[in-house]
Amino acid sequence: MKPAAFSYHRPETISDALALLAEHGDVGKIIAGGQSLVPSMNFRLARPETLIDMNAIAEIAGIEDRGDTLVIGAMTRHAAFHTPVCDGPTGAMLTRVVGNIAHYPIRQRGTFGGSLCHADPASEWCLVAATFDAAMEIHGQDGMREVGAADFFKGTFTTAVGGDELLARIHLPKLPEGWGTGFYEFSRRRGDFALAMAVAALKVEGGKIADARLGVGAVAAHGLRLETLEQALTGQPATEETIAEVAAQVPGLVKPSGDIHGSAEYRRDLAQAVVRRALNAALADCAVPA
Amino acid sequence: MTWVGRTLPRLEDPTLLKGGGRFTADLKAGAWAVKFVRSPEAAGTIVEVERPDEGIVFTAEDLDAAGVGSIQAVLDRPDYRRVPHPVLARDRVVFAGQAVALVVAPTEAEAEDLAEQVFVDIDTEDAVTSIEAALAEGARDVHPEAPGNVMVEGVMRTPGVDAAFDAAACVVELDLSSARQSAMPMETRGGVADYDPATGRVTLYASVQMPHMLRTGLADVLGIDEGDLRVVAPDVGGGFGQKMSLFPEYVALVWTAFRLRRKVAWIEDRRENFLSASHARDQQFTVRGAFDAEGRLLAVDADLRSNVGAFSCYPVTCGVEPLMAFAELPGPYDFAEYGVRSRGVTTNLSMMAPYRGVARPMLTLSMEQLMDAAAEKLDLDPVEIRRRNLITSFPHTSPTGLVYDEASYLEAMEAAVTSADIPGFRERQAAALAEGRYLGLGLSVFSERTGYGTPAFAARKMQIVPGYETVDCEMGPSGQVTLRIGASPHGQGLKTALAQLLADQLGVAPERIRVISGDTDASPYGWGTFASRSMVISGGASKIASGQLADKLRAIAGVLLEVDPSGVELKDGLALATGTNKSLSIAEVARAAHHQSHRFEGMAPGLKEQAFYDPSGTFSNAAHVCEVELDPETCGVRITRFLVVEDAGRLINPMIVDGQIAGGVAQGIATALYEELVFDEFGTMLTTSLADYLPPTAAEIPDIEIIHMETISPQTVTEAKGVGEGGTIGAPAAVLSALNDALRPFGTRITSMPATPDRIAAALRAARTAAAEAEA
Amino acid sequence: MTETTTVTFTLNGEERSLTLEPRQNLADTIRDTCGLTGTHVGCEHGVCGACTVLMDGKAVRSCLTFAVQAQGAEIETVESLADGDTLHPLQQAFWELHGLQCGFCTPGFLMLAAGALRENPDMSDDEMRDLLSSNLCRCTGYQNIVKAARQAAEVMRGERAEA
Ligand SMILES: Cc1cc2nc3c(=O)[nH]c(=O)nc-3n(C[C@H](O)[C@H](O)[C@H](O)COP(=O)(O)OP(=O)(O)OC[C@H]3O[C@@H](n4cnc5c(N)ncnc54)[C@H](O)[C@@H]3O)c2cc1C
Ligand code: FES
Ligand code: FES
């Protein structure tokens with residue numbers, strides 16, 4: 001399981017990287033953390049002739065807190081989220097989520113941007129980006145464009161990033177103080193890709209759900225924000241009964257495909273369970289005094 | 001205080017901990033890489049093998065031209081179908097992953113580049129992959145030699161089976177199955193074959209469990225003298241049975257070294273290991289039990305089918321699963337009437353070979369599920385029904401004629417049940433149920449036949465009859481001890497345990513004892529390490545040989561100290577004349593034995609003894625208790641407690657025994673809940689990575705509580721019984737029994753392993769549908 | 001051989017300048033090019049963890065990093081843990097508590113725990129079990145690995161407190 005031969009470049013700026021991408025066209029490929037790309041190269045499922053390594057591009061590593069938005073450099077490692085990257089509900093939520101991504105050593109190398117570009121249907125970061133409507137900052141020869149999550153994820157392993165473009169930053173809107181968040185995932189073994197997962201955020205006022213964010217992952221081509229259910233929750237009593245009723249609609253909204261780890265039927269039912277549990281966790285989180 | 005019985009940290013460990021172990025791949029410096037080109041198809045005729053213009057490529061044609069034969073695994077039974085196993089596929093392929101050609105290049109990456117340029121054109125046929133498909137009316141024959149796709153079949157029926165079923169108060173029938181698995185050692189297979197121009201010999205360093213046997217097999221297939229070949233098993237990263245057999249890859253590798261007259265290495269990758277190394281389990285058992293009104297088992301009638309894959313493994317043959325199932329199904333239970341038909345079914349999948357436990361995880365599951373099902377029907381406590389059926393007097397002869405030595409089936413179960421506090425559990429279970437949580441408790445009781453010598457293997461009609469072990473035990477002039485064994489340990493800590501055994505006999509510290517194994521040039525002919533045999537058999541031979549050596553030391557010391565040998569004690573590095581203050585160091589005695597031999601009349605010079613041991617076998621036994629919590633929504637199963645009461649006779653090193661049990665239980669849990677090789681309808685494997693084939697991690701395996709009992713049997717000279725497989729044998733039955741206990745409120749049960757969330761969800765859906773229909 | 005390139009990094013404190021194919025991964029480079037065979041290879045797709053080493057102090061899978069990417073990095077392998085015959089507390093605990101059988105997975109587990117404890121010496125028992133679920137072992141059933149790593153963490157905390 002040794003990869004096919006390739007040549008290697010290690011640009012230090014976005015513009016150098018873009019120049020290399022332009023030069024190598026279809027046979028060039030970006031390597032970020034390598035935690036998805038290298039396994040598929042070792043199996044010779046991916047065989048780029050040129051690798052363009054992003055690891056030396058300092059300008060896209062690290063996180064900037066702009067108050068209402070987190071700007072996450074594409075090369076930010078998963079491990080950066082092991083402790084909250086900002087105060088408030090979003091920082092706490094990202095820490096809760098990150099522990100479910102693969103394993104510790106993989107999180108030391110794997111990157112936020114790499115996860116989004118790889119666009120695995122069971123990627124936790126893709127689910128977060130979809131649910132909280134992140135905007136992706138894509139750079140190309142012709143400059144920069146921002147693409148919202150709804151347009152960024154095109155399908156299983158496909159995104160809006162073109163072959164001669166790169167993802168530089170992710171702009172993640174932060175939840176204001178007062179929201180509670182919850183995440184629930186079920187996988188066969190610790191660290192495996194989820195069979196189904198859900199992320200939820202709730203704002204409760206006067207015993208009622210005032211606002212909601214809800215997404216479910218691993219049961220469709222990419223993470224799905226469930227806006228109809230967000231609306232169904234809003235205005236209802238902030239109780240587990242409300243949540244159970246709303247979650248019961250999930251099987252009607254997802255069309256998972258079956259694979260060796262679970263049939264479509266199983267995953268549809270599972271989606272309901274993870275959504276309810278994520279919402280319940282978010283509700284409990286609301287009750288915790290800040 | 002004796003060394004035997006002590007928890008001595010292992011002598012093997014410091015080197016391994018410092019990264020100084022020498023595994024096969026560590027020895028490949030300077031070797032060219034060999035890569036196999038494998039069939040992408042499960043069945044078909046080879047139309048053509050297209051070679052690239054450049055590069056070293058060999059196919060069956062080259063092997064045939066050189067007179068290389070096929071691997072022939074033979075059972076002398078009329079029902080056995082002999083199918084030769086070609087080293088490289090000749091005109092047909094019979095499983096996806098079968099080696100068709102090999103390439104050689106300076107590096108592994110370049111070898112892979114070259115292998116990609118070899119095109120195998122196959123005219124495909126429909127693949128036969130499952131037991132059902134292979135046995136179906138009109139199924140295509142996988143091999144012309146095995147019409148009906150049955151490779152081996154054992155049948156017996158005691159005269160009273162039908163009468164017992166007629167008279168029974170309660171009959172239970174179960175269909176149970178276990179998925180195809182891989183033994184999945186962390187180190188894959190691999191070999192480094194080094195040609196020595198000075199001697200014209202090849203040394204094969206390989207990750208194997210049976211180096212001597214491998215050499216015999218290699219020499220036979222290659223048509224060379226065994227003397228031209230040396231096989232060394234260096235440090236081996238786990239085997240669990242997968243490294244017992246002679247694989248075609250090793251034949252091809254050694255042949256390539258001779259042919260090219262250079263060092264070549266084949267280090268299997270993980271995908272290849274899944275595809276082409278041997279598989280395991282994949283059994284379907286239909287078992288019926290006849291019970292009287294008191295729950296006493298009167299008869300068992302069984303139809304046992306094992307998917308042995310495309311070939312018969314050498315040397316133990318594809319009879320190993322079906323014939324063990326045939327002989328050992330009765331397990332620890334006392335009943336007289338037994339009917340059985342046990343078939344080894346051939347299919348277009350990689351061959352089945354032994355994997356830790358062999359047939360016994362399924363046998364145990366069968367008997368334990370029969371007990372649970374009958375208890376439920378008869379409204380008996382599951383513990384009580386076992387009490388009424390376990391063997392309690394010894395020696396006991398089973399319906400298949402196996403003689404069981406002293407063991408503690410009932411006592412071990414009672415100890416397990418007491419520690420598990422079943423009444424307390426039932427209270428917790430009821431309280432949990434009231435909150436909508438589903439707990440379950442399961443029990444398994446079993447026997448583990450271990451340490452059996454030639455008689456047991458001969459009974460299977462194997463042409464090659466393994467079983468005995470020989471050791472050479474030698475003390476050098478400075479008192480250093482060397483023990484050369486034919487067993488070939490690979491993680492079991494055997495060297496430490498044997499050193500403890502010898503230390504007591506010879507009065508020297510274990511650190512002074514070197515155990516040499518796994519090198520056909522340096523260790524006596526033997527059968528390697530498998531079937532929980534090494535401590536019993538190699539240990540037995542070591543105890544006898546070191547006893548002889550101790551006698552000689554005492555005789556020599558007697559002369560030197562001028563006392564009767566019977567008055568000499570060997571202890572703490574000294575030969576002491578008891579009752580006097582006279583003593584010599586053992587090193588002084590050893591030096592005299594070598595350098596003053598003229599003084600010891602009637603004795604051969606030096607200190608070297610050989611002994612062999614070929615026991616009839618012994619049964620260790622255990623009871624497992626498992627508690628689970630089932631999440632009926634995610635259908636995840638969490639093991640919340642696992643308790644083992646093990647009786648393995650004398651414990652030479654309790655820490656090592658516990659390690660064997662814990663590791664075995666983890667593999668048993670894997671069988672019950674996680675691991676499954678999955679194939680599509682074309683026989684293509686869908687689980688070729690560790691992200692798809694799912695060995696459990698530290699997060700899934702609970703801490704395992706272990707309680708020991710020590711029944712001493714006269715059937716083993718070390719008083720130790722084998723313990724290598726018990727965990728794997730008993731755990732699946734305990735886990736499934738616990739899961740089925742948790743499923744009881746839903747009115748359904750799981751009978752297929754692994755009990756994946758998907759299977760559990762399907763069972764729950766079916767139960768809900770059935771309940772809804774019943775209501776309507 | 002196809003196109004080669006040069007890379008320089010330190011391996012267990014010693015600088016190495018190597019000429020190799022970009023496709024050569026760090027695990028093979030440490031083992032075959034540098035001759036330190038304590039780092040093992042069990043899957044080459046990131047799941048088993050037998051190849052775990054420290055790269056700039058962090059535990060990573062060396063099968064999923066190309067050696068050329070280690071330019072300027074500090075690499076530490078299992079061979080760096082012991083000080084002569086004095087075992088590292090992790091090695092000592094694995095020895096005493098029988099945390100290994102065949103020993104093939106062991107270097108990976110040791111480096112995993114060594115890296116994580118450097119980052120967080122105060123790991124709780126639960127965090128430790130979760131961490132250790134990163135790697136696979138086929139022999140031990142894990143419980144002695146978990147015990148050993150917890151004991152070593154305790155010993156290392158004691159040593160720190162003394163220092
Ligand atoms: C054993 C194992 C378990 C895993 N489990 C999970 C899991 O549970 N959940 C999960 O989400 N992930 C999991 N992963 C994947 C891991 O999170 C990866 O790190 C991630 O998917 C990809 O990030 P990367 O930085 O490693 O990207 P790479 O592997 O380097 O790249 C992935 C793809 O994205 C492209 N790419 C990367 N960065 C950019 C960029 N900035 N611009 C344009 N294209 C880019 C690459 O060209 C490549 O096609 C697992 C991986 C392993 C090995
Ligand atoms: S070899 Fe790197 S994780 Fe398995
Ligand atoms: S000790 Fe053998 S794999 Fe862990």
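The chains referred to below are lettered A, B, ... by the order of the sequence lines, with proteins before strands, and numbering in each begins at 1. What you are looking at is a predicted structure, and each value in this text was computed from that prediction instead of being measured.
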Contact part of Tyr142(C) toward chain B, heavy-atom cut-off under 4.5 Å: side chain, backbone, both or neither?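 It is the side chain, since no backbone atom gets that close.
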Tell me, out of Thr7(B), Ile704(B), Ile661(B), Leu16(B), who's got the most heavy-atom pairs with chain C below 4.5 Å.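 The answer is Ile704(B).
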Heavy-atom pairs under 4.5 Å with chain B, option from Leu87(C), Leu100(C), Val47(C) with the top count: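 Looking at each option in turn, the highest pair count goes to Leu100(C).
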For chain C, find which of Gly21(B), Ser689(B), Gly493(B), Ala666(B) contributes the most heavy-atom pairs closer than 4.5 angstrom.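 So the answer, after comparing Gly21(B), Ser689(B), Gly493(B), Ala666(B), is Ser689(B).
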Heavy-atom side-chain proximity of Leu54(C) to Val60(C) below 4.5 angstrom: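 A side-chain contact under 4.5 Å is absent here.
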Does one side chain, of Ser17(C) or Thr8(C), offer a donor that lies under 3.5 Å from an acceptor on the other?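 Result is yes, a qualifying pair exists.
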Does a donor on one side chain and an acceptor on the other come within less than 3.5 Å for Arg31(C) and Asn25(C)?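 No, because no side-chain N or O of Arg31(C) sits under 3.5 Å from a partner of the opposite role on Asn25(C).
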At a 4.5 Å cut-off on heavy atoms, which part of Gln660(B) comes close to chain C: side chain, backbone, both, or neither?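 Both the backbone and the side chain of Gln660(B) come within 4.5 Å of chain C.
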Within the 3.5 Å criterion, strictly below it, is a donor on Glu725(B) or Thr728(B) matched to an acceptor on the partner's side chain?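 Not at all, the side chains of Glu725(B) and Thr728(B) share no donor-acceptor pair under 3.5 Å.
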Would you mind checking which part of Arg23(C) comes under 4.5 Å of any heavy atom in chain B, side chain (CB onward), backbone (N, CA, C, O), both or neither?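 Answer is side chain: those atoms of Arg23(C) sit under 4.5 Å from chain B.
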Criterion salt bridge (Lys or Arg N to Asp or Glu O under 4.0 Å) on Glu268(B) and Lys35(B), from CA distance to verdict: CA-CA 8 Å; Glu268(B) 183 181 54; Lys35(B) 185 87 200 162; over 6 Å; no
Using non-hydrogen atoms only, which part of Ala105(B) is less than 4.5 Å away from chain C: side chain, backbone, both, or neither?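 Neither part.
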Below 4.5 Å, heavy-atom pairs only: which of Pro489(B), Pro185(B), Gly20(B), Ala662(B) has the largest tally toward chain C?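 Heavy-atom pairs under 4.5 Å are most numerous for Ala662(B).
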Do side-chain atoms of Arg270(B) reach the backbone of Thr688(B) as a donor and acceptor pair under 3.5 angstrom?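 Judged by distance alone, no pair lies under 3.5 Å.
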Chain B interface, residue from Ser80(C), Ser133(C), Gly38(C) that has the most non-hydrogen pairs under 4.5 Å: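 Heavy-atom pair counts peak at Ser133(C).
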Are any non-hydrogen side-chain atoms of Phe274(B) and Leu677(B) less than 4.5 angstrom apart?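 Counting from C-beta outward, Phe274(B) and Leu677(B) do come under 4.5 Å.
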Does any backbone or side-chain atom of Ala29(B) lie under 4.5 Å from a heavy atom of chain C? Answer side chain, backbone, both or neither.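 Neither part.
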Have Tyr674(B) and Glu700(B) got a donor and an acceptor in their side chains that come within less than 3.5 Å?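 No.
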Thr140(C) versus chain B, heavy atoms under 4.5 Å apart: side chain, backbone, both or neither?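 Contact with chain B involves the backbone of Thr140(C) alone.
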What orientation do His40(C) and Phe104(C) show, parallel under 30°, tilted 30 to 60°, or perpendicular over 60°?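 His40(C) vs Phe104(C) ring planes: parallel.
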Give a yes or no on whether a salt bridge exists between Arg150(C) and Asp125(C), defined as a side-chain N under 4.0 angstrom from a carboxylate O.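 Answer for the salt bridge query: yes.
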Heavy-atom distances under 4.5 Å only: say whether Asp28(C) touches chain B with side chain, backbone, both or neither.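 Neither part.
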Where on Asp113(B) is there a heavy atom nearer than 4.5 Å to chain C: the side chain, the backbone, both, or neither?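 Just the side chain, heavy atoms under 4.5 Å.
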Picking from His45(C), Gln24(C), Gln92(C), Glu96(C), which has the most non-hydrogen pairs under 4.5 angstrom with chain B?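 Result: the option with the highest number of such pairs is His45(C).
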Do Thr15(B) and Glu12(B) come close enough that some side-chain heavy atom pair is under 4.5 Å?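 No, too far: nothing below the 4.5 Å cut-off.
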Which bit of Asp130(C) is near chain B, if near means a heavy-atom gap under 4.5 Å: side chain, backbone, both or neither?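 Neither; nothing under 4.5 Å.
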With a 4.5 angstrom heavy-atom cut-off, could you sort out which part of Asp26(B) is near chain C: side chain, backbone, both or neither?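 Both backbone and side chain of Asp26(B) come within 4.5 Å of chain C.
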Could you have a look at Arg10(B), Lys18(B), Glu187(B) and say which one has the most heavy-atom pairs with chain C under 4.5 angstrom?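 Of the options given, most contacts go to Arg10(B).
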Region of Val665(B) in contact with chain C, defined by heavy-atom distances below 4.5 Å: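 When you check distances to chain C, no heavy atom of Val665(B) falls under 4.5 Å.
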Toward chain B, the part of Ala50(C) with a non-hydrogen atom under 4.5 Å: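 For Ala50(C), there is no contact with chain B at all, as no heavy atom is under 4.5 Å.
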Answer with yes or no whether the side chains of Asn12(C) and Thr77(C) bring together a donor and an acceptor at under 3.5 Å.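 Yes, a side-chain donor-acceptor pair sits under 3.5 Å.
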If we count only N and O atoms by modelled type, under 3.5 Å, do the side chains of Asp13(B) and His98(C) hold a donor and an acceptor together?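 No.
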Is chain B contacted by the side chain of Leu136(C), its backbone, both, or neither, given a heavy-atom distance below 4.5 Å?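 Both parts, backbone and side chain.
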Counting heavy-atom pairs under 4.5 Å to chain C, which of Thr188(B), Ile656(B), Asp235(B) comes out on top?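 Between Thr188(B), Ile656(B), Asp235(B), the count favours Ile656(B).
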Please classify the contact of Pro702(B) with chain C as side chain, backbone, both or neither, using a heavy-atom distance under 4.5 Å.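 Pro702(B) touches chain C through backbone heavy atoms alone.
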